[in-house]
Amino acid sequence: MSEILLLGTGNKHKAAELAEILQGLPWEVKCLADFPPVPEPVEDGDTFEDNAILKAVYYGRQFDVCCVADDSGLAVDALGGAPGVYSARYAGEDCTYADNNAKLLRELASTPSEKRSARFICCAALTKRSDETHTETGMVEGRIIDAPRGNMGFGYDPLFVPEGYDLTFAEMSSEEKHRISHRGRAFQALRKYLEAIR
């Protein structure tokens, strides 16, 4: 019988993306919607790694299962690395993806295109019942454009063009995005680790 591997995220877009990347593993992959509702943990870590471990440990303990969680975000050089760990709530606690994108464009309004370098960073954490944790980090360099393009993906995807490409993440197929994205890189590395320990 396969052991349960919980995806510790309440973001349905992210859960679907992670399920795609981890498909075919010898684990029974489940998401939070498969379990009774619990309060979300307070993400008060200083780094993506802190928050990823915090979430994985929290949800793993809540349901006594192995759990993977991630924390990821956008770091824009012209903004001193912002929004960083505040990426999901950049425009306020109950903001939408569109609110965050609009704020980012306002903050960069006077920044020329050649100075809009940025990177997406993702830290993926796995916790087992012993509270032993394992982390993997993925990163992709790119730039922020002047207006959103594309209907795929979520978050800042419509504004981010990865290095070496002309398409935004929101204009790419999920397969193409997973191959090069920060989350794809972190979770592909975590996938190899999961395969090795089973």
Side-chain angles (χ1 to χ4, degrees), residues 6-19 31-33 35-59 62 67-113 115-125 137-162 168-172 174 177 181-184 186-187:
L6 173 64
L7 305 178
T9 177
N11 182 321
K12 64 182 181 181
H13 298 111
K14 188 186 287 188
E17 197 169 272
L18 298 186
C31 59
L32 288 175
F35 291 86
V38 293
E40 290 185 6
V42 177
E43 295 180 44
D44 55 3
D46 294 326
T47 66
F48 294 119
E49 184 176 45
D50 289 343
N51 285 330
I53 292 172
L54 181 155
K55 287 185 277 191
V57 169
Y58 173 81
Y59 287 119
Q62 287 286 330
C67 180
V68 294
D70 85 301
D71 197 45
S72 54
L74 181 70
V76 181
D77 292 323
L79 301 179
V85 293
Y86 302 105
S87 291
R89 51 193 185 280
Y90 190 40
E93 281 303 320
D94 297 314
C95 61
T96 64
Y97 296 145
D99 294 335
N100 282 335
N101 285 333
K103 179 174 181 179
L104 182 63
L105 290 177
R106 284 196 304 275
E107 296 288 334
L108 290 173
S110 60
T111 304
S113 59
K115 294 195 175 173
R116 289 181 169 214
S117 56
R119 68 205 47 81
F120 269 126
I121 304 163
C122 172
C123 180
T137 299
M139 186 162 43
V140 59
E141 300 284 343
R143 60 189 170 84
I144 304 301
I145 57 173
D146 290 329
R149 289 196 334 236
N151 303 310
M152 307 288 283
F154 60 98
Y156 299 97
D157 286 355
L159 293 177
F160 185 82
V161 175
T168 67
F169 269 167
E171 294 175 302
M172 293 180 176
S174 59
K177 180 187 169 187
S181 78
H182 55 308
R183 192 170 293 114
F187 275 89

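All residue numbers in this chain count up from 1 along the given sequence.
Salt bridge status for Asp77 with Arg119: present, with a side-chain N to carboxylate O gap under 4.0 Å.
A donor-acceptor contact shorter than 3.5 Å is absent between the side chain of Asn101 and the backbone of Ala98. Counting only distance, with no hydrogens or angles, the side chain of Glu107 and the backbone of Leu104 share no donor-acceptor pair below 3.5 Å. Side-chain atoms of Lys103 come within 3.5 Å of backbone N or O of Tyr90 as a donor-acceptor pair. In terms of modelled atom types and a separation under 3.5 Å, the side chain of Tyr59 and the main chain of Leu32 share no donor-acceptor contact.
The shortest non-hydrogen separation linking Gly155 to Pro158 is O-CD, 3.3 Å. Nearest approach of Ala125 to Ala56, heavy atoms of both residues: O-CB, 3.9 Å. In plain terms, the two heavy atoms of Cys122 and Phe187 that are nearest each other are SG-CE1, 4.2 Å. Ala124 approaches Ala186 most closely through the heavy-atom pair CB-CB, 4.2 Å. Between Ala52 and Ala69, the shortest heavy-atom contact is O-CB, 3.8 Å. In terms of heavy atoms, Ala78 sits closest to Thr111 at CB-CG2, 3.9 Å.
Aromatic ring orientation, Phe120 versus Phe169: parallel (interplanar angle below 30°, classes split at 30° and 60°). Using cut-offs of 30° and 60° for the angle between ring planes, the His13 and Phe154 rings count as parallel.
Only one option out of Asp71, Asp50, Asp44, Asp70 pairs with Lys55 in a salt bridge (charged side-chain N to carboxylate O under 4.0 Å, His left out); it is Asp71. Screening Leu159, Val76, Val161 for a side-chain contact (heavy atoms from CB on, under 4.5 Å) with Arg143, the sole residue that qualifies is Val161.
With contacts defined as side-chain heavy-atom distances shorter than 4.5 Å, the pair Arg116/Phe160 does not qualify. Residues Ile144 and Leu74 form a side-chain contact, since some pair of their non-hydrogen atoms from C-beta on lies under 4.5 Å apart. Looking at Ile121 and His182, their side chains never come closer than 4.5 Å, going by heavy atoms from C-beta outward. With a 4.5 Å cut-off on side-chain heavy atoms, Lys14 and Ser72 count as touching. In this structure, the side chains of Phe48 and Thr137 stay at 4.5 Å or more apart for every pair of heavy atoms. The shortest side-chain heavy-atom distance between Val38 and Tyr58 falls under the 4.5 Å cut-off. Leu7 is listed as a side-chain neighbour of Val68, based on a closest heavy-atom distance under 4.5 Å. Using a 4.5 Å heavy-atom cutoff, the side chains of Arg183 and Glu17 are in contact.
Between atom OG1 of residue Thr47 and atom CD1 of residue Ile53 there is a gap of 7.5 Å, rounded to the nearest 0.5 Å. To the nearest 0.5 Å, atoms OG1 (Thr168) and CG (Asn151) are separated by 9.0 Å.
Counting heavy-atom neighbours within 6.0 Å of Tyr86 OH, excluding the residue itself, gives a total of 12 or less. Around the CD atom of Glu40, the shell of radius 6.0 Å holds no more than 12 heavy atoms that belong to other residues, nucleotides or ligands.
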- request: Begin with the C-alpha distance, continue with both residues' side-chain angles, and end with the deciding distance and a verdict on side-chain contact (heavy atoms from CB on, under 4.5 Å) for Leu79 and Leu108.
  value: CA-CA 8 Å; Leu79 301 179; Leu108 290 173; 4.0 Å; yes

